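Input: a single structure, listed below in structure tokens.
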Amino acid sequence: MVKKIVPLPTVTRHQRFGVYFLFLALLSPQIMVLFTAGEVWPFTSAPMFASPTDRLYRFEWLLQSADGTDRELRAHDLYWREMPTMRHFFLHVYGALGRSPHSAIVNDNPSLFRERLSVYFRSIFKELHLKRPSWVEPGVKLRVSILSVDGKERPMKRRTVGFYSPEEQRFTHTWESNL
């Protein structure tokens, strides 16, 4: 029995152009990051790929009671997943004031920033009332800090960004630059 040889399909000029366009579409954002030195999710360097000289940060939320004791509030305390909660907080709530590749918030300004954080932390306190009512006592405030951490997430420097008062339902920004 003679086997019939089936010729390979020919690739047209349009198909070849389509493949080149697909490669260009997938690679251009990453190439852009190389030339602009900006990081845009999901083309950002993850901490696991950071060099020893890169600075790493994380947010810290502390509940401060009226008697002065602090309790760290983590996303899992509200039965939320930690990483998606903090990514959402950084990208869509905190963002960055001024021109920054990290800010997904168009035309941001200090007033909009304070209002956005006030609304966000108001919802956090609603969740706290439902899930951890004993944590929400009269006079409690939430302190938001940015921690400079080493490669093992150990705190090196802490800067307070601001405070949220559930009684006033207002976030007060107290940023200090240069961590």
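Bear in mind the structure is a predicted one, so any value in this text is a computation, not a measurement. Each residue takes its place number in the sequence, starting with 1.
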Q) If you measure from CG on L62 to CG on D70, what distance do you get to the nearest 0.5 Å? A) 5.0 Å
Q. Any side-chain heavy atom of R132 sitting closer than 4.5 Å to one from R71?
A. no
(Q) Testing the basics here: between V11 and R16, what is the closest heavy-atom pair and its distance to 0.1 Å? (A) O-NH2, 3.8 Å
**Q.** Criterion ring pair (Phe, Tyr, Trp, His ring centres under 6.0 Å) against W61, the qualifying member of F171, W135, F121
**A.** F121
Q: Over all heavy atoms of both residues, which pair between R158 and L147 is shortest? Give the atoms and the distance, please.
A: NE-CD2, 3.2 Å
Q. Is any side-chain heavy atom of P155 closer than 4.5 Å to a side-chain heavy atom of K157?
A. no
**Q.** Distance (rounded to the nearest 0.5 Å) between F59 CZ and T85 OG1
**A.** 13.0 Å
Q) What are the two closest heavy atoms between G139 and E167, and how far apart are they? A) N-OE2, 2.9 Å
**Q.** Close side-chain approach of E115 to V119, heavy-atom, < 4.5 Å
**A.** yes
Q: Indicate yes or no: at least one non-hydrogen side-chain atom of Y79 is less than 4.5 angstrom from one of E127.
A: no
Q | Side-chain donor/acceptor of K141 to backbone N/O of Q64, under 3.5 Å | A | no
Q) Mind checking whether L117 and V144 have side chains closer than 4.5 Å, heavy atoms only? A) no
(Q) Between V93 and F113, is the side chain to side chain contact (heavy atoms under 4.5 Å, CB included) condition met? List the steps. (A) CA-CA 8 Å; V93 180; F113 176 78; over 6 Å; no
Q | Non-hydrogen atoms of P138 and A66 that approach each other most closely | A | O-CB, 3.9 Å
(Q) Considering only residues two or more places apart or on different chains, which pairs with a residue in residues 73-85 satisfy salt bridge (charged side-chain N to carboxylate O under 4.0 Å, His left out)? (A) E72-R74, R74-E82
Q: Look at the aromatic rings of Y164 and F125 and report parallel, tilted or perpendicular, splitting at 30° and 60°.
A: tilted
(Q) If you define the side chain from C-beta out and look only at heavy atoms, does anything of P166 sit under 4.5 Å from Q169? (A) no
Q | For E137, salt bridge (Lys or Arg N to Asp or Glu O under 4.0 Å) partners two or more places apart | A | none
**Q.** For T10 against Q15, the heavy-atom pair lying closest together
**A.** O-OE1, 3.8 Å
Q: Return the set of residues passing ring-ring contact (aromatic ring centres under 6.0 Å, His included) with F163 (not counting sequence neighbours), or none when no residue passes.
A: none
Q. Which other residues belong to the hydrophobic cluster containing Y20, where Ile, Leu, Val, Met, Phe, Trp and Tyr are joined when side-chain heavy atoms lie under 4.5 Å apart, directly or via other members?
A. none
(Q) I need the minimum non-hydrogen distance between R143 and S145, along with the two atoms involved. (A) NE-OG, 3.5 Å
Q) So do S148 and M156 actually touch side chain to side chain, heavy atoms under 4.5 Å? A) yes
Q: Sequence neighbours left out, what passes ring-ring contact (aromatic ring centres under 6.0 Å, His included) with H129? Give chain and number order.
A: none
(Q) Distance check, rounded to the nearest 0.5 Å: E60 atom CD versus I146 atom CD1? (A) 11.0 Å
Q.
side chain to side chain contact (heavy atoms under 4.5 Å, CB included) for L128 and L73? Distances and angles first, verdict last.
A. CA-CA 10 Å; L128 270 174; L73 175 63; 4.0 Å; yes
Q | Residues in side chain to side chain donor-acceptor pair (under 3.5 Å) contact with T69, at least two apart in sequence or another chain | A | S65, D67
Q. Is it true that atom NZ of K126 has more than 12 heavy atoms of other residues, nucleotides or ligands lying nearer than 6.0 Å?
A. no
Q. So with a 6.0 Å cut-off around NE2 of H14, is the heavy-atom count from everything else above 12?
A. no
Q) Going by the angle between their ring planes, with limits at 30° and 60°, are H173 and Y94 parallel, tilted or perpendicular? A) tilted
Q: For the pair H88 and Y120, name the ring-plane relationship: parallel under 30°, tilted 30 to 60°, perpendicular over 60°.
A: tilted
